[in-house]
Amino acid sequence: MSTETPLDLKKTINLPKTGFSQKANLAQSEPARLKKWSEINLYQLIRQARAGADKFILHDGPPYANADIHLGTAMNKILKDFVLKSRSMMGHDAPYVPGYDCHGLPIELYVDRKLGAKKANMPAVAIRRACREHAAQALKRQTRDFQRLGILGEWDNPYLTMSNHYEAETARLFGRFVERGYVYKGARPVYWCIHDQTALAEAEVEYHQHTSPSVYVKFPLASDPALIDPALAGRKVFVLIWTTTPWTLPANLGITVHPDYQYSAFENGDEVYIVASELLDAVVEKCELRKGRDGESQPPKVLARFPGARLDRLECRHPWIDRRSLLMVGEHVTLGGEADAETELDVKDAREKQSSSKAGTGAVHTAPGHGHDDFVIGKRYGLEIYCPVDHAGHFTPEVEHFAGQSVFDANPKIVEFMRERGVLLFTESFSHRYPHCWRCKNPVIFRATPQWFISMDQAVGAVVETIEKDEDGRDRSNFTENFSEGETSLRAAALREIERVKWFPSWGEIRMRNMLKGRPDWCVSRQRVWGVSIPVFYCAKCSEAVAEPAVINHVADIFERESSDAWFIKEARELLPAGYECKQCGAAEWTKETDILDVWFDSGSSSVAVLESRPELRWPADVYLEGGDQFRGWFNSSLMVGIAAHDRAPYKAVITHGWTVDAQGKEMHKSGGNAVPPDEVIKESGADILRLWCASSNYFDDMRSSKEILQRVTDGYRKLRNTARYALGNLHGFDPARDSVAHEEMQEVDRWALAELDAVIKTVRAAFDIYEFHTAYHALYRFCTVTLSARYFDILKDRLYTFAPRHPARRAAQTALARIADALARMLAPLLVFTADEIWENLPADSARLQSVHLALLPEASDVMDEELASNWKRLFEMREDVLQTLEEARIAKVIGSSLDARVEIAATGASYELLDRYRNELRYIFIVSQVEVTRSDEGADGFVVKVLPAEGAKCERCWNYSTRVGESEKYPSVCERCVAALDEIEQESPRE
RNA sequence: CGCGGUGUAGCUCAAUGGCAGAGCACUCGAUUGAUAAUCGAGCGACGUCGGUUCAAUUCCUUCCACCGCGACCA
């Protein structure tokens, strides 16, 4: 007892001690924690803990059940988990039912490829079975990966768009659209392979270089040319068009010009031609149109210039068919097509190429049955969607001169025919990129075929318009008449509803509105097998189509029991109500529609199919959260279905996130080497790192990810972890129930730290409230690094380490630490699900503590704000900056090493002096020096001057502070007066043997 | 080409019509009682051309770059 060694003194220091390891080892600890959560069924425990609370419904947008997850899908789900967990911790009952989008082309194509030639002999049901299996497998893998991210939800019972109930609901919702008169059947041009005789989806088309005949053709103006310009009165006027598909000319019904471009009418012989002014020279040169009225060569003489709008709704004649060709205006018109081989050339070549390769006249030949733009503008002008080409690519009999010929074979004949007729001005071979069939590699055509539509602009009224059917695409129904924007139209309702929705970020509404304003009718039919069949029947005798809600519901009930496979297995008769007869002709023989529904119709149905069928959910959802691509996708299709079902948007709020890009902001490509695969991050660093990355970035923008960025995130994680660890370590032996100190009895710095905590709590809660997780993260991170680590903890060390364990001042610090650690765990919980729970477990023993932090609520900020304390301490820390700077200078000058070697002398005046004087006895602890001397100086109104000297006295062996009183104690000769007192106290607390 | 978004230090984020803040990274230093830690100091930025204003990173405009959606490629 009399021979105390330094080692024994060291033992009287209260160093941090905790089971919370410095090294996270997340790759191992996370799976273990997941296992534990699964064993206690944490998701259900959370639901139970919030039973009866206000619900918060985040409705999951179903990812496509095809490939494995990538960074983007991981981020999407993590953000959803942030929302769910933060809302749950704000007291809501926030159930999560994840979903999967199972039908559709990508899976069918994948299965096609896998089946290869076998597919031809397989019935549709067998192909569907293969698709179903593929989807089931993919979603199983995705589920595993999503769970690994720490996302809690009903993973054992997700919603699948291919489940019986879902398919039945999808069919019923189609019936709902029918019931409300939105559904019609019409023609629409689609990619069509004349070799395979099938429609192709966009994804099945590939572009290759192709040589087509380029032709310049003159269309005689039928309207009075004086309507364009008086100078043209009485002249023979022609509009010049250019096309590389002469075979579409028999289907020409119009010519489109740009309303704002300038057009010129110029003389060639005794004729007058109209082209875009900008292309005048190029056309004249190409077609050699330099004849004056006298037949002599001359530069083109322009008779009039006018905007394209002047031509609107005038008429031309078809160059050889007795039919009008309507002049229309459209914004899609460009000045000249370009042979686009330049992408493969270098820039210099490309520039040269570009100027010489311009072709076109600024007046676009328009065949609504053979082009998408042509279709859209044709519809706007009420033109027929005319397609005199059959499924094999042959002209139908009504096409004079060319009937029965294949369109590509007819091309040169049409060119020759036009030359003979004198309507052809010029022709040449033209190489350009042209769509080809991905399977047979033949060039494809655009061809109007019958499709099912949902009208955006009117309730059509009649269930199905009677269409003039002649087997194959030559659909003569004219659904464009009486086209008016009704109050009850889907578009009007959608535009109304989006105003009621809260958009995060706010510009989402603008984007949605622009999208809704411009979108054409929704084509919901697909000529495929992997999806929900369009539940429509045709009378075998009179072709009457039956699309009745009652019949559709009858079919849906069968789907409910047997899935939509029933449509492919059963005869029409078995699917229809018993004894159903045709209302038109009384026959009872039926055929089934072979088209399936667009997958966007599937996923759009989810709000009704899921939210209304599960007791824990409700319609509408509080929030949808997806990437910006879903404005046109799921946000849109869900809105349509919501309106059809309930006249309401299915969501109260919509959150959108950006894309995951690389460090340069470029798109990530699997092959580009810049991709950040989530599974690798998890394996190397842990899911919490991935989650923290999501939390650290502003997801409203694109989210950059790279090695360096993840390294920064990992650094940040370590700082958070160490900060928590330090708090936990100093809570060793602290029992909050027994040892807590009342707020008034704490030191000011403790109360300051708790006030700072309150501020962070407010910031974090507010940020969570508006889904700004990065704001919360940065506030928490700043709190940990600056407030805690650099300031509070550093100041606290002396008190925590050297005071007797049960000293009230030490207990006060621990009381604050306990509150801080508890609050940190709660606030970090939505973001760092694993680590926060680990912190939670290592908090001081408390019998009332919940099993998991995820069962807890966010901390509340206390209402009391001590303004004076806050401003005093703000100023004190500003002064501290100056002191630290001066200390650094002294360190460089080798006056001191550690700051405890220093004595600080401050000469202050005015308010600075008042403040320093008031905290006179605290200053050495705040500045972490051994001695502080404050004196009043006379200079200036307010300010202070810092001087650093070596500390006086000797260094206390125990607390490392310098003191002139070291050695006063006989018992503890190497120790300062503070430590003598502390050691006496320790002695009393636990007398040594 | 159209619609929408973004552009602040190497990285991630702030703020603001009046000297642009933070943390990390980097450099240097201290410490060895948060130690594969901790503390300090230093370094470092408003994409571009104009305009409005006493004053612009902030408001308007041009252009550039990047991202998404859509259209085009006759």
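Computed from a prediction, not measured in an experiment: that's the story for all the values here. Below, read A as the first sequence line, B as the second, and so on, with proteins coming before strands; counting in each chain starts at 1.
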Minimum-distance nucleotide (side-chain atoms of A:Arg782 versus B:rA22, B:rG29, B:rA14) = B:rA22
Kindly say whether, by distance alone, the side chain of A:Thr785 makes a donor-acceptor pair under 3.5 Å with the base of B:rA22?
-> no
Residue pair A:Gly19 / A:Asn842: nearest heavy atoms and the distance that separates them = C-OD1, 3.8 Å
Between A:Ser789 and B:rC39, is there a side-chain N or O to OP1/OP2 distance below 4.0 Å?
-> yes
Side-chain donor or acceptor of A:Lys719 under 3.5 Å from a matching atom on the base of B:rG23?
-> no
Ring-on-base stacking between A:Trp960 and B:rG33, under 5.5 Å between centres and under 30° between planes: is it there?
-> yes
Considering only heavy side-chain atoms of A:Gln22, the closest of B:rU12, B:rA30, B:rU35 is B:rU35
Check every strand shown and say whether A:Arg519 touches a base, only sugar-phosphate, or nothing at a heavy-atom separation below 4.0 Å.
-> nothing
Can you tell me how far C1' of B:rC13 sits from OH of A:Tyr699, to the nearest Å?
-> 15 Å
Where are the stems of RNA chain B, defined as at least 3 consecutive Watson-Crick or wobble G-U pairs with both distances under 3.5 Å?
-> B:1-7 with B:64-70, B:10-13 with B:21-24, B:26-30 with B:38-42
Looking at A:Ile13, A:Leu983, A:Asn14, A:Val975, which one forms a side chain to side chain contact (heavy atoms under 4.5 Å, CB included) with A:Thr802?
-> A:Ile13
Under 4.0 Å between a side-chain N or O of A:Lys797 and OP1 or OP2 of B:rA34?
-> yes
Which class fits the ring pair A:His436 and A:Tyr434: parallel under 30°, tilted 30 to 60°, perpendicular over 60°?
-> perpendicular
A:Pro16 vs A:Met703, nearer the 5' end of RNA chain B by closest nucleotide | A:Met703
Going through the distances and angles, do A:Lys286 and A:Glu428 end up as a salt bridge (charged side-chain N to carboxylate O under 4.0 Å, His left out)?
-> CA-CA 10 Å; A:Lys286 197 140 241 176; A:Glu428 66 180 343; 3.0 Å; yes
Hey, does the side chain of A:His778 come within less than 4.0 Å of B:rG23's phosphate (OP1/OP2), counting only N and O?
-> no
On the 0 to 90° scale, with breaks at 30° and 60°, tag the A:Tyr699-A:His657 ring pair as parallel, tilted or perpendicular.
-> perpendicular
Quick one: is B:rG23 close enough that its OP1 or OP2 comes under 4.0 Å of any side-chain N or O from A:Tyr777?
-> no
Classify the nucleic acid contact of A:Val713 as base, sugar-phosphate or nothing, counting any heavy atom under 4.0 Å across all strands shown.
-> nothing
